[in-house]
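Step one of this worksheet: look at the structure below.
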There are 2 protein chains.
Amino acid sequence: MSGLRERQKTTRHRDILAAAEYLFRRDGFRATGIEAIAARANLATGTLYNYFPSKGDILLALVALDGEEVRAAGAKLIARPPRDPETAITRLLEIYIEHSLVHLTKDEWRHALANYFLQPDSRFGQGYAALDGKLAAQVCELVSALQSRGSLSPDIDSESAGRLLFYLCNSEFTLFVANEAMPMAELKQRMSRQIAIVMSGLERKAAPLAEAAAPPRLHRRPRKAA
Amino acid sequence: MSGLRERQKTTRHRDILAAAEYLFRRDGFRATGIEAIAARANLATGTLYNYFPSKGDILLALVALDGEEVRAAGAKLIARPPRDPETAITRLLEIYIEHSLVHLTKDEWRHALANYFLQPDSRFGQGYAALDGKLAAQVCELVSALQSRGSLSPDIDSESAGRLLFYLCNSEFTLFVANEAMPMAELKQRMSRQIAIVMSGLERKAAPLAEAAAPPRLHRRPRKAA
DNA sequence: CTTCAAACATGAGTCAATTCATTTTTTCGC
DNA sequence: GCGAAAAAATGAATTGACTCATGTTTGAAG
């Protein structure tokens, strides 16, 4: 492909995101006008729309960038997870929520969530959904790893368990974001209580003697159909 | 209180909601203009804003009405819950999701969620949050009832467990709503898998021999009332 | 039955995101 | 290089939710 055009395109893409990142954080999403972003990125408002289909999509693109960082951080933990399974899960989910406010404010998260629901099928909406999917998959992966290491009962569908844990995290995060006043400590506390409950369902039943007498009732579920 | 004015106020309130309900469903939330709602309710656009602070708040008010119905339906089930605890929980959550599409479309739910995030602190945003809270509380109540009936382990915080179950439902519902194509059957299936996992953490541990060291009061088993 | 203040209704006006017809720039075959 | 086609840039026009200055109705005191 032609060099100049491609390069300018990427440059402008970056410029827009950088301008938006700065202004959204400084003035808030709502108060930041498209014109201001365009001006800061040295282009006309109309031009901006050649790069992003809407203001909301710019924000979702920023969230996606952030998400990629989180995914990488999570992957590191999964590579060498803590021994205690509950600690391992808790750590992973804490990585997610702790990272969440590094580059984005609660205001931005609220608007990102709103914009996702407004256009879940747009290119950037799908990007957001895909990100969520990747993180959920990461939790599933960790559960699976803990199972094959023998720390968790192998009888449970790691897919469902991972989803459950991720959605627990997500729901509490959502609540956290909707309440400007809630401190992160409270979010963590609420999360850890629920993690504990899930883990008690996932842990290897510590009743070796009884198992011989009464076979455990396994909650076997049909495998997810592709 | 003054009769005429109060009555006219309630009437108009109702008229607006009725008009919006009709138009949102027929044309979609976005395509429905404020002017159209106002016209159908026989008032000027400006007047409408004396009753609802924004278009989104009208939708949230509709959701709240719907939510009240769901709460009532849930209360009935709680009054006489199925014997099997997993069935009881599943039924309650299914009531929620089945009811969800009776009066509202996925499009409306998407916009309702978006509007909630845009204004979680507005009067109607808080109303939405309160509704969520009430439903979550209902699940907690059911868990608690199942505990005192002896169907579930009494050692678990019913508050956290209820929240966990409700959020599981909510998260999957959210996914369902974001994917126009997903059928309700898939939503139910995903939900039931995760419910199963949570329940295995809540159920009375069925390992009597191995639990010798555990506090004896765990083994109290009241007869089920006939 | 008047009168007045408060509450309510009105619709033209404002504001900001998005679109679009037009102009400018880039690419590429010759 | 040169001209036409394609791609990108532009900012004025559009759109639709929301506001506000103004006019109208209501309820109660005198």
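Order of the sequence lines fixes the chain letters, A, B, ..., with proteins taken first and strands second; residue numbering starts at 1 for each chain. Just so it is clear, the values below take in all heavy atoms, side chains as well, and ignore hydrogens, waters and symmetry mates.
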Can you tell me the distance, in whole Å, between the CD1 atom of B:I37 and the C1' atom of D:dA17? 11 Å

For a quick test of reading the model: is some side-chain N or O of B:Y51 closer than 4.0 Å to OP1 or OP2 of C:dC8? no

Taking only side-chain N and O atoms of A:N50, does any of them lie within less than 4.0 angstrom of OP1 or OP2 on D:dA8? no

So for atom CD, which belongs to B:E35, do other residues, nucleotides or ligands contribute more than 12 heavy atoms lying within a distance under 6.0 Å? no

Separation of atom CG in A:N115 from atom P in C:dA17, rounded to whole Å: 12 Å

I would like to know whether B:E159 and A:R193 meet salt bridge (charged side-chain N to carboxylate O under 4.0 Å, His left out); could you show each step before the answer? CA-CA 10 Å; B:E159 175 88 8; A:R193 285 209 200 108; over 6 Å; no

Nucleotide D:dA7, atom C1' - distance to NZ of A:K9 in whole Å: 8 Å

Go through it in stages, so that I can follow the logic: the residues are A:E21 and A:R25, the test is salt bridge (charged side-chain N to carboxylate O under 4.0 Å, His left out), and I'd like the CA-CA distance, side-chain angles, deciding distance and then a yes or no. CA-CA 6 Å; A:E21 181 178 12; A:R25 174 173 283 267; 6.0 Å; no

Could you state the CG-C1' distance from B:L43 to C:dC8, rounded to the nearest angstrom? 12 Å

To the nearest Å, how far apart are A:L23 CG and C:dA16 P? 15 Å

Hey, can you tell me if A:Y128 and A:Y116 have their rings parallel, tilted or perpendicular (30° and 60° cut-offs)? tilted

A:S100 (side chain) donor-acceptor with A:I97 (main chain) under 3.5 angstrom: yes

Out of D:dA9, C:dT10, D:dT10, minimum distance to the side chain of A:A44 belongs to D:dT10

Can you measure A:R12 atom CZ to C:dT25 atom P for me and round it to whole angstrom units? 12 Å

Check the interface with nucleotides 18-20 of chain D: list each N/O to N/O pair with the protein under 3.5 Å, or write none.
residue	atom	partner	partner atom	Å
D:dC18	OP2	B:Y49	OH	3.2
D:dC18	OP2	B:K55	N	2.9

Tell me the interatomic distance from B:L48, atom CG, to C:dC8, atom P, rounded to whole angstroms. 15 Å

Starting at CG of A:D27 and ending at P of C:dA16, how long is that distance when rounded to a whole Å? 13 Å

In a table with atom names and distances, give each donor-acceptor pair under 3.5 Å that connects a side chain of residues 52-59 of chain A to protein atoms at least two apart or in another chain.
residue	atom	partner	partner atom	Å
A:S54	OG	A:G56	N	3.3
A:S54	OG	A:D57	N	3.2
A:S54	OG	A:D57	OD2	2.9
A:K55	NZ	A:F29	O	3.0
A:K55	NZ	A:R30	O	3.4
A:K55	NZ	A:T32	O	2.8
A:D57	OD1	A:S122	OG	3.2

